[in-house]
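First up is the structure itself, then whatever we jot down about it.
Given the structure is predicted, the values throughout are model-derived calculations rather than measurements.
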Amino acid sequence: MKNREERPKEFSIPQPIRTDGAGATDPGPRDVMRDAENPDLLVPPKTDAGTVPNLVFSFSDTHMQLNHGGWSREVTVRELPIAKTLAGVNMRLTPGGVRELHWHRQAEWSFMLWGRCRITAVDQNGRNFIADVGPGDLWYFPPGIPHSLQGLEEGCEFLLVFNDGAFSDIDTFSISDWFARTPSDVLSGNFGIPETAFAGRPKEQVYIYQSNVPGPLESQAVPDPQGAVPLSFTHRLFAQEPIRTPGGSVRIVDSRNFPVSTAIAAALVEILPGGMRELHWHPNNDEWQYFLTGQGRMTAFAAQGTARTFDVRAGSVGYIPFAYGHYIQNTGTESLWFLEMFQSDRFADISLNQWMALTPPELVKSNLNATGELMRSLRKEKWPVVKYPGFPAP
């Protein structure tokens, strides 16, 4: 077999060689396409060290659950073992496609990616809720609250996040599955009608199915003598005024501005080209990330002389364990948008720059042998995203 190094130059095969000369060529066998997609794994920065576990997994590498009416795929601890606090499901529904009536032991938080979706729910006091959501909108259902999802005229795609890393969307409490597992005489007694009325019930879980596009929202309203739910299950995230800094913007959503969302907090981050999510960490829980557009690289500092860098792009899931220091750089030519989510009722992060600025300067200077230039750069205000002039050679 011809040596890969003898191929024509136009192939431009990446090699594990750093600019300082460390490394050597890899004649193969190898997956050149994967190496090209992950340059910071093939040629890690000199500052990477130790045995930090894998912190990134792509939805493109997951199993697709295909149904008439849509599809789903998920990233859980089975795909990304480090991700113990949260799991994510990417779902698409066709026009009229239905994620059937169901409920979970876990809380469900969702971000609309594309299209429009109708959601319904009923709480423990018999108060109902129905709403239409579009791109950038969120919904949240507390554990045990029954609900459904349906694609409208153009269909829809969304991200679902659950506060349990071992969650699976297939392993949920579905109304069709319960009907299938309940004897006809019990159903007859429960609803007060003959057993023959249940002859056509599903024989197994339906999960996702094709139906007709529902009528206008007002035509679907069900009068409820108990009234509506007291706290809205939806939130218009793009309606929030973002925190803007020279490197991008951040929108934070948690129980303070989306009161029903008591188990999951989040931030929608935009990093402009040449920008960087600043060096920081989170003092309350692990961080689960979903990258929406663009490309970048993320480095996690795990203490004890260890750090590791990963390449991310649209569709990637990232995970940062509790208290790990980290940053994310935009390595592309378009804005890098991503969500960072936490199993918490509040969003919280600690800025390295702000911490240093609010510490006695003599202490900071002696600890780091800091130059005057560094000391003058410190800011007492937090900038979640900063402008970054370029990327150092690895």
Side-chain angles (χ1 to χ4, degrees), residues 59 62 65 69-76 83 85-94 97-123 129-152 154-165 167-170 172-174 207-208 229 231-240 251-255 257-269 288-292 315 317 337-345 347:
F59 267 111
T62 61
Q65 173 71 30
W71 53 255
S72 69
R73 52 189 177 178
E74 58 190 32
V75 175
T76 72
T85 60
L86 297 171
V89 177
N90 179 205
M91 186 175 291
R92 167 85 158 92
L93 296 175
T94 61
V98 178
R99 172 65 175 100
E100 70 164 317
L101 295 155
H102 67 286
W103 72 98
H104 317 281
R105 287 186 292 263
Q106 300 83 1
E108 175 179 309
W109 185 99
S110 183
F111 179 84
M112 280 290 293
L113 299 168
W114 173 84
R116 292 188 62 77
C117 182
R118 178 159 299 164
I119 65 174
T120 72
V122 176
D123 74 4
F129 181 85
I130 179 170
D132 291 346
V133 290
D137 292 343
L138 311 179
W139 71 74
Y140 178 91
F141 298 125
I145 296 298
H147 55 280
S148 70
L149 318 169
Q150 186 171 20
L152 296 178
E154 65 270 62
C156 57
E157 183 178 354
F158 44 85
L159 175 74
L160 301 168
V161 180
F162 300 87
N163 61 332
D164 178 359
F167 172 87
S168 173
D169 199 48
I170 304 297
T172 57
F173 297 96
S174 298
Y207 187 54
I208 292 174
V229 297
L231 297 177
S232 176
F233 289 141
T234 62
H235 179 75
R236 311 290 184 192
L237 184 57
F238 283 166
Q240 280 186 221
R251 290 173 172 87
I252 295 170
V253 58
D254 58 21
S255 60
N257 55 3
F258 188 17
V260 74
S261 185
T262 58
I264 297 177
L268 175 64
V269 181
W288 196 95
Q289 305 159 336
Y290 179 66
F291 290 85
L292 298 160
V317 170
W337 286 86
F338 71 98
L339 290 160
E340 47 185 67
M341 287 153 281
F342 309 85
Q343 190 188 89
S344 176
D345 65 335
F347 176 91

Pair Trp288-Glu340, side-chain contact (heavy atoms from CB on, under 4.5 Å): steps then yes or no:
CA-CA 6 Å; Trp288 196 95; Glu340 47 185 67; over 6 Å; no
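- Contact check on Arg105 versus Asp164 returns no salt bridge, with no Lys/Arg side-chain nitrogen under 4.0 Å from an Asp/Glu carboxylate oxygen.
- At a threshold of 4.5 Å between non-hydrogen side-chain atoms, the residues Leu149 and Val98 do not count as touching.
- For the pair Ile208 and Gly69, the tightest heavy-atom approach, listed with the atom from each and the gap, is CG2-C, 3.5 Å.
- Taken to the nearest 0.5 Å, the OH atom of Tyr140 stands 14.5 Å off from the OG1 atom of Thr234.
- Residues satisfying the side-chain contact (heavy atoms from CB on, under 4.5 Å) criterion with Arg92, sequence neighbours excluded, are Trp71, Trp114, Glu157.
- Looking only at side-chain heavy atoms (C-beta outward), Arg236 and Val133 come within less than 4.5 Å of each other.
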Check against side-chain contact (heavy atoms from CB on, under 4.5 Å), Phe342 and Thr85
CA-CA 8 Å; Phe342 309 85; Thr85 60; over 6 Å; no
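- Ring planes of Phe162 and Phe167: parallel class, angle under 30° (limits at 30 and 60°).
- With hydrogens and angles disregarded, no donor-acceptor distance shorter than 3.5 Å links the side chain of Asp345 to the backbone of Ser255.
- Summarising the geometry of Gly115 relative to Pro135, their closest heavy-atom pair is O-CD, 3.2 Å, with the distance given to 0.1 Å.
- Partner of Asn163 under the side chain to side chain contact (heavy atoms under 4.5 Å, CB included) criterion, chosen from Glu108, Gln106, His104: Gln106.
- A donor-acceptor distance shorter than 3.5 angstrom exists from the side chain of Asn257 to the backbone of Ile252, with no hydrogens or angles considered.
- Minimum interatomic distance between Trp109 and Ser261 (heavy atoms only, all atoms of both residues): CD1-OG, 3.7 Å.
- One finds the CG atom of Leu339 at 5.0 Å from the CG atom of Leu292 (value rounded to the nearest 0.5 Å).
- Taking each heavy atom of Asp254 and Ala265 in turn, the nearest pair found is CB-CB, 3.6 Å.
- His147 is not listed as a side-chain neighbour of Phe233, based on a closest heavy-atom distance of 4.5 Å or more.
- His235 is listed as a side-chain neighbour of Gln240, based on a closest heavy-atom distance under 4.5 Å.
- The shortest side-chain heavy-atom distance between Arg118 and Ile130 falls under the 4.5 Å cut-off.
- Residues Pro142 and Val260 meet the side-chain proximity criterion, which asks for heavy atoms closer than 4.5 Å.
- In this structure, OG1 in Thr120 is found 6.0 Å from CG in Leu101, a value given to the nearest 0.5 Å.
- Taking Ser110 as the reference, Trp139, Phe158, Leu160 meet the side-chain contact (heavy atoms from CB on, under 4.5 Å) condition, with sequence neighbours excluded.
- Across all their heavy atoms, Gly151 and Leu93 have their closest contact at N-CD1, 3.9 Å.
- Here the CZ-OG1 distance, from Arg99 to Thr172, works out to 4.0 Å after rounding to the nearest 0.5 Å.
- Separation of atoms CG (Asp169) and CG (Asn90) is listed at 11.0 Å; rounding is to 0.5 Å.
- A distance of 5.5 Å separates CE in Met112 from SG in Cys117, rounded to the nearest 0.5 Å.
- A heavy-atom distance below 4.5 Å is found between the side chains of Met341 and Tyr290.
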Please report the C-alpha distance between Cys156 and Arg116 in whole Å, then the side-chain angles of each, then the deciding distance to 0.1 Å, and finally whether the side-chain contact (heavy atoms from CB on, under 4.5 Å) criterion is met.
CA-CA 5 Å; Cys156 57; Arg116 292 188 62 77; 5.8 Å; no
Show, in sequence, the C-alpha distance, side-chain angles and deciding distance for Leu268 and Phe238, and conclude whether the side-chain contact (heavy atoms from CB on, under 4.5 Å) test is met.
CA-CA 9 Å; Leu268 175 64; Phe238 283 166; 3.3 Å; yes
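- Nearest heavy atom pair, residue Glu74 against residue Ser168, reads OE2-OG, 2.9 Å.
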